[in-house]
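Within every chain, numbering begins at 1; the chains are lettered A, B, ... in the order of the sequence lines, protein sequences first and strands thereafter.
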2 protein chains.
Amino acid sequence: MEIMFPGLDADAHRRIAAVIRYPIQVDPGEHLVRSGDRFHDLYSVHDGVFKAYVDDANGREHVWGFNVQGELMGLHAITTGHYQANFVALEPSRVAAIPYSQLFTLFDQIPPLFDFLMRAASGRLGILERLSGDHAAQVRMAAFLVSLPRRFQPLAHAPDTFRLPMSRRDVANYLRLVPETVSRMFSRFVRDGLIRVDGQDVTLLKLARLEEIGKPLGEL
Amino acid sequence: MEIMFPGLDADAHRRIAAVIRYPIQVDPGEHLVRSGDRFHDLYSVHDGVFKAYVDDANGREHVWGFNVQGELMGLHAITTGHYQANFVALEPSRVAAIPYSQLFTLFDQIPPLFDFLMRAASGRLGILERLSGDHAAQVRMAAFLVSLPRRFQPLAHAPDTFRLPMSRRDVANYLRLVPETVSRMFSRFVRDGLIRVDGQDVTLLKLARLEEIGKPLGEL
DNA sequence: CGATTGGTTGACTCCAGTCAAGTGCGGTGG
DNA sequence: CCACCGCACTTGACTGGAGTCAACCAATCG
C-alpha cells in the first residue's frame, strides 16, 4: 500500500485506507472511466498500466497519457465535474478509488496530504506545458524513451530494457505523431545504434545521447 | 478584492488578506518572476496582464500562457520548488503574493479554499491536455480568438471588440506558430469576413463560425 | 527626416502526414 | 505440423501545410 501515495508515510496510508475503495481490479482492454462520466473519485494506480485518451471529431485518438504505479488519474475532472477522457487498462491492473469530497476530512489528520495532491497536479502541469510546445518527431521520441526507466520500472526485465505495454499507435497518439513516423524514428534510432528493438521490447543503448536529443522537451 | 479569488466570498477574502502581500505593482516589461527563482508564493492577478514564457535552447520563446484578473500563476512550481517560467507584465498590473506554506493554515477557516486551488490547477490541466494536441494553424487561431471575450473583458471597448495586449509574436509563440503564420491567419479570417483587425484591435464578426473552426481545441 | 521596430506578403523548402504496398508474427483450424 | 489468415508494424513514394528567408510597408521615435 505504501507505494500508492509516494511520499506519504505508513500512518497516512492507514488513514487514507479508511476512505478509499481498494482494490478495484481492471482487466486489459476494460474501461475504468468513460469520457463524460460524472466525477466523484480520483484514482491511484497500484499496479498495471492505464491509458487516458479522447476521441476527437474526425475519429482519431488523442492519448493524454499513460499512468503507472503511484500516479493519480482524474485531476482534470475537478473543475468540470465530469471526466473528459477515457481510462482503459493496458495490463491487468489494480487501482484505488479516492472519493474527492472526503479528502477534505483528512487534511487535519494528514498534514502533507494537501501538498501531495498539489504536487501531483503541479508535476503534470509542468509536463504538459512542455509537451504542448512544438518539437521535432525525434525529440518527442527520445524524450519519451528516456522517461521509461524512471516510470516503467515494473516492466523492466533488465537494466534499460523494457517491454512497452502500449502499441506503436498509442505511442504515436500520445506524441502527436502518426504510427508511420514512430516506426521511422525507431528505425532511425536503431540504425544509429541508440536503441535495440525486439517487438515490444526496447533496450536503451546510449541513454546519454537520447537525453541529449530529447533535452528540449525535458522529462515526460 | 473579491474579484481576486472568484467563487470565494467576502469573508474568505478578508481572511486571505491577512496572509498575502498586496498590492504588488508591476510595470509593463517588468518581470515579476524569473525562471529558476525559488518558489515561495503563488500569485493572483488583480488587474493587468501577464505573460508566462520560457526561452528554449535555440533562443526561441515558448509562451506558456497569458494571465488576467482572477487567475493564479505559479502552480507548476510546487513540485520542483523553483519557477520554471518567467512572468512579465504586459500592462500596468497589480498582483497578490500568496505564501504557499501558509495556505495550509487557512483550510480550517475557509473550507472552500482547497477546492478553489484544485479547480485552478484542474482547469489549467484540461486546457493544456487539449492545447498539446496537434491542431491546424487556423484551429489554434480561432480557438484563441473566441477565448478573448470570456477572459479579456477588461480590455474590451465594445462588445466583441478587444485590444490585444500582446504582440503577434507573443500570440505565435503561445499557439506554437511563427508570426508570419499568425499574420496569414489574421488575413484569411479578415478576407473571409470573420473578424475585423485594426492594429491591436480585433473585432469578432462571426463568433459562431469561429467557434465552429476552433471546436477541436475547445476553450482556451 | 532617417532609423528602428512590428507587421504583412510572397517565393521557396522541408518535415511529417498520407496513401499504398510489403513484411512478419501469432493464432486457428484442417 | 503446416497452411492460412489477420493484424501490427515497417517501408517507400508522394503531398501538403507550416516554417524559412527575404522584401516591403507603416508607425514610432530620436
Side-chain angles (χ1 to χ4, degrees), chain A residues 28-29 51 56-63 90 131-145 163-192 195-202 213-214 216-217, chain B residues 28-29 51 53 56-63 88 90 131-145 163-192 195-202 213-214 216-217:
Chain A
K51 174 179 76 167
D56 69 11
N58 39 33
R60 251 177 59 178
E61 195 175 289
H62 272 199
V63 174
L90 301 179
L131 189 60
S132 72
D134 67 328
H135 302 281
Q138 63 167 344
V139 173
R140 292 175 183 272
M141 277 301 302
F144 177 71
L145 289 172
R163 185 175 51 77
L164 292 186
M166 71 295 280
S167 67
R168 300 286 191 273
R169 190 173 145 275
D170 286 338
V171 174
N173 289 336
Y174 178 54
L175 299 177
R176 321 312 175 195
L177 302 169
V178 290
E180 291 94 325
T181 302
V182 169
S183 209
R184 279 185 245 275
M185 291 303 130
F186 270 121
S187 300
R188 179 191 295 189
F189 287 161
V190 169
R191 172 167 53 74
D192 295 351
I195 62 174
R196 186 152 8 98
V197 176
D198 176 21
Q200 297 300 99
D201 288 337
V202 177
I213 295 172
L217 235 171
Chain B
K51 175 179 76 167
Y53 72 96
D56 69 11
N58 39 34
R60 251 176 60 176
E61 196 175 290
H62 271 199
V63 173
V88 63
L90 300 180
L131 188 61
S132 73
D134 65 329
H135 303 280
Q138 62 167 342
V139 173
R140 292 175 182 273
M141 277 300 302
F144 177 72
L145 289 172
R163 186 176 51 75
L164 292 186
M166 71 294 280
S167 67
R168 300 286 191 272
R169 191 173 144 275
D170 287 339
V171 174
N173 289 336
Y174 178 54
L175 299 177
R176 322 310 176 198
L177 303 169
V178 290
E180 291 94 325
T181 304
V182 169
S183 208
R184 280 184 245 276
M185 292 302 131
F186 270 121
S187 301
R188 178 191 295 190
F189 286 161
V190 168
R191 172 168 54 73
D192 296 350
I195 62 174
R196 186 150 9 96
V197 176
D198 175 22
Q200 297 301 99
D201 288 337
V202 176
I213 295 172
L217 234 172

Problem set entry | Any Arg169(A) side-chain heavy atom under 4.5 Å of Val182(A) side chain | no
For this session: Spell out protein contact along nucleotides 6-21 of chain C as letters: B when the base is contacted, S when just the sugar-phosphate is, - when no protein heavy atom is under 4.0 Å; keep the 5' to 3' order.
Result: -SBBBB----SSBB--
Exercise. Is the shortest heavy-atom distance from the side chain of Arg196(A) to the side chain of Asp201(A) under 4.5 Å?
Worked result: no
Exercise. Would Met166(A) and Gln200(A) count as a side chain to side chain contact (heavy atoms under 4.5 Å, CB included) if you check the C-alpha gap in whole Å, the side-chain angles of each, and the deciding distance to 0.1 Å?
Worked result: CA-CA 8 Å; Met166(A) 71 295 280; Gln200(A) 297 300 99; over 6 Å; no
For this session: Applying side chain to side chain contact (heavy atoms under 4.5 Å, CB included), name anything that partners Thr181(A), two or more places apart in sequence or on another chain.
Result: Ala137(A), Leu177(A), Val178(A), Met185(A)
For this session: Compute the bend angle of the helix from dC1(C)-dG30(D) to dG30(C)-dC1(D) from the end axes (five pairs per end), rounded to 10°.
Result: 30°
Exercise. Within a strict 4.5 Å, meaning less than it, do heavy atoms of the Leu217(B) and Phe144(B) side chains meet?
Worked result: no
Exercise. Atom CG of Leu175(B) to atom C1' of dG19(D): distance rounded to whole Å?
Worked result: 15 Å
Exercise. What side-chain hydrogen bond (donor to acceptor under 3.5 Å, both in side chains) pairs are there with at least one residue in residues 135-144 of chain A, not counting sequence neighbours?
Worked result: Gln138(A)-Arg188(A)
Exercise. How long is the line joining CE of Met141(A) and C1' of dC9(D), in whole Å?
Worked result: 13 Å
Problem set entry | Contact state string [nucleotides 25-30 of chain D, B base, S sugar-phosphate only, - no protein heavy atom under 4.0 Å] | ------
Problem set entry | Leu90(B) to Pro28(B) - nearest heavy-atom pair and separation | O-CB, 3.9 Å
Exercise. Does Tyr174(B) have any ring pair (Phe, Tyr, Trp, His ring centres under 6.0 Å) partners at least two apart in sequence or in another chain, and if so, which?
Worked result: Phe66(B)
Exercise. Strictly by modelled atom types, are Ser183(B) and Arg168(B) linked by a side-chain donor-acceptor pair under 3.5 Å?
Worked result: no
Exercise. Looking at CG of Asp134(B) and CG of Leu175(A), how far apart are the two atoms once the value is rounded to the nearest 0.5 Å?
Worked result: 11.0 Å
